[in-house]
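Heavy-atom basis, side chains included; hydrogens, waters and symmetry copies ignored.
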Amino acid sequence: MNAEYERSLGQNIRKLRRRRGLSQEQLAARMQVRGCDVTRSSLAKMEAGQRHIYPDELKLLREILGVSYEELFV
C-alpha cells in the first residue's frame with residue numbers, strides 16, 4: 001500500500017476516534033474485547049501511517065466508530 005495513502009487513512013481514523021471522544025487506549029480496548037489483538041501502541045502506529053491495517057481491523061474500526069467504509073477512506 002502507498003505510504004501516503006496509509007498516512008491519510010491513519011489521520012482519518014484519528015479524527016473519527018477523537019470525534020467519538022475515545023482515547024487510543026479506549027479504542028484499542030474495545031477492539032480487544034471484540035477479538036482483535038490491537039494494543040494502544042499498534043493503534044498509534046496505524047494512526048501515524050507506520051503500520052498496515054488489516055481487513056478485520058478495518059471492519060472493527062468501522063463498527064466501533066459507527067461510520068461507513070466510505071467515511072474511513074475519505
Side-chain angles (χ1 to χ4, degrees):
M1 194 180 287
N2 180 304
E4 180 68 29
Y5 185 73
E6 286 187 354
R7 192 170 18 262
S8 176
L9 175 60
Q11 289 172 352
N12 196 42
I13 290 169
R14 177 181 293 130
K15 179 185 75 174
L16 294 167
R17 173 182 59 75
R18 288 179 174 169
R19 187 182 301 159
R20 296 278 295 170
L22 296 171
S23 67
Q24 288 177 338
E25 188 72 37
Q26 290 169 322
L27 180 53
R30 289 183 185 195
M31 293 178 77
Q32 290 170 6
V33 167
R34 293 183 183 203
C36 194
D37 189 25
V38 172
T39 63
R40 189 219 47 87
S41 177
S42 294
L43 184 58
K45 289 178 182 177
M46 286 182 211
E47 289 183 355
Q50 298 172 345
R51 179 188 176 281
H52 294 294
I53 304 173
Y54 298 100
D56 59 332
E57 295 168 342
L58 280 173
K59 182 177 185 276
L60 266 181
L61 285 167
R62 183 191 62 79
E63 292 171 5
I64 293 168
L65 296 173
V67 297
S68 66
Y69 286 113
E70 185 175 278
E71 290 173 284
L72 275 178
F73 291 102
V74 168

Engineer: Using a 6.0 Å cut-off, check whether atom NZ of Lys59 has over 12 heavy atoms from anything other than its own residue.
Structural biologist: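 It does not: Lys59 NZ has 12 such atoms or fewer within range.
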Engineer: Classify the side-chain pair Gln11/Ser8 by whether it contains a donor and acceptor separated by less than 3.5 Å.
Structural biologist: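 On atom types as modelled, these side chains do not qualify, holding no pair under 3.5 Å.
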Engineer: Could you go through the side chain to side chain contact (heavy atoms under 4.5 Å, CB included) check for Leu27 and Arg20 one step at a time?
Structural biologist: CA-CA 10 Å; Leu27 180 53; Arg20 296 278 295 170; over 6 Å; no
Engineer: Within this structure, what is the CZ-CG distance for the pair Arg14 and Leu22, rounded to the nearest 0.5 Å?
Structural biologist: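 Those atoms lie 14.0 Å apart.
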Engineer: Can you check side chain to side chain contact (heavy atoms under 4.5 Å, CB included) on Met31 and Leu61, steps first, answer last?
Structural biologist: CA-CA 8 Å; Met31 293 178 77; Leu61 285 167; 3.8 Å; yes
Engineer: Evaluate the side-chain proximity of Ile13 to Ile53: yes if any heavy-atom separation is below 4.5 Å, no if none is.
Structural biologist: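 The answer is yes, as the side chains (C-beta and beyond) meet within the 4.5 Å cut-off.
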Engineer: What I want to find out is whether Glu57 reaches Arg51 closely enough, with some N-O distance under 4.0 Å, to be called a salt bridge.
Structural biologist: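 Salt bridge flag = yes for Arg51 with Glu57.
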Engineer: Taking side chain to side chain donor-acceptor pair (under 3.5 Å) as the definition, give me every residue that meets it alongside Gln50, ordered by chain and number, with sequence neighbours left out.
Structural biologist: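 Here no residue qualifies.
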Engineer: Give the minimum heavy-atom separation between Arg17 and Leu43, together with the two atoms involved.
Structural biologist: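 It is CD-CD2, 4.4 Å.
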Engineer: So Leu65 and Glu71, side chain to side chain contact (heavy atoms under 4.5 Å, CB included) or not? Walk me through it.
Structural biologist: CA-CA 10 Å; Leu65 296 173; Glu71 290 173 284; over 6 Å; no
Engineer: Do Tyr69 and Met46 sit in one hydrophobic cluster, given that two such residues count as connected whenever their side-chain heavy atoms are within less than 4.5 Å of each other, even indirectly?
Structural biologist: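 Yes, same cluster.
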Engineer: Could you tell me which non-hydrogen atom of Glu70 sits nearest to which non-hydrogen atom of Val74, and how far apart they are?
Structural biologist: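 Where Glu70 meets Val74 most closely, the heavy atoms are O-CG2, 2.9 Å.
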Engineer: What pair of heavy atoms forms the shortest contact from Asn12 to Phe73, and how long is it?
Structural biologist: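 Looks like ND2-N, 4.1 Å.
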Engineer: Enumerate the residue pairs fulfilling salt bridge (Lys or Arg N to Asp or Glu O under 4.0 Å) with a member in residues 33-46, sequence neighbours excluded, ordered by first and then second residue.
Structural biologist: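 Qualifying pairs, neighbours excluded: Arg34-Glu63.
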Engineer: Could you tell me which residues satisfy side chain to side chain donor-acceptor pair (under 3.5 Å) with Arg7, sequence neighbours excluded, listed by chain and number?
Structural biologist: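 For Arg7, the residues satisfying side chain to side chain donor-acceptor pair (under 3.5 Å) (neighbours in sequence not counted) are Glu4.
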Engineer: Atom CG of Leu9 and atom CG of Asn2: how far apart are they, to the nearest 0.5 Å?
Structural biologist: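 The CG atom of Leu9 sits 11.5 Å away from the CG atom of Asn2.
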Engineer: Just verifying a value: how many Å separate Arg30 CZ and Cys36 SG, rounded to the nearest 0.5 Å?
Structural biologist: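 It is 15.0 Å, given to the nearest 0.5 Å.
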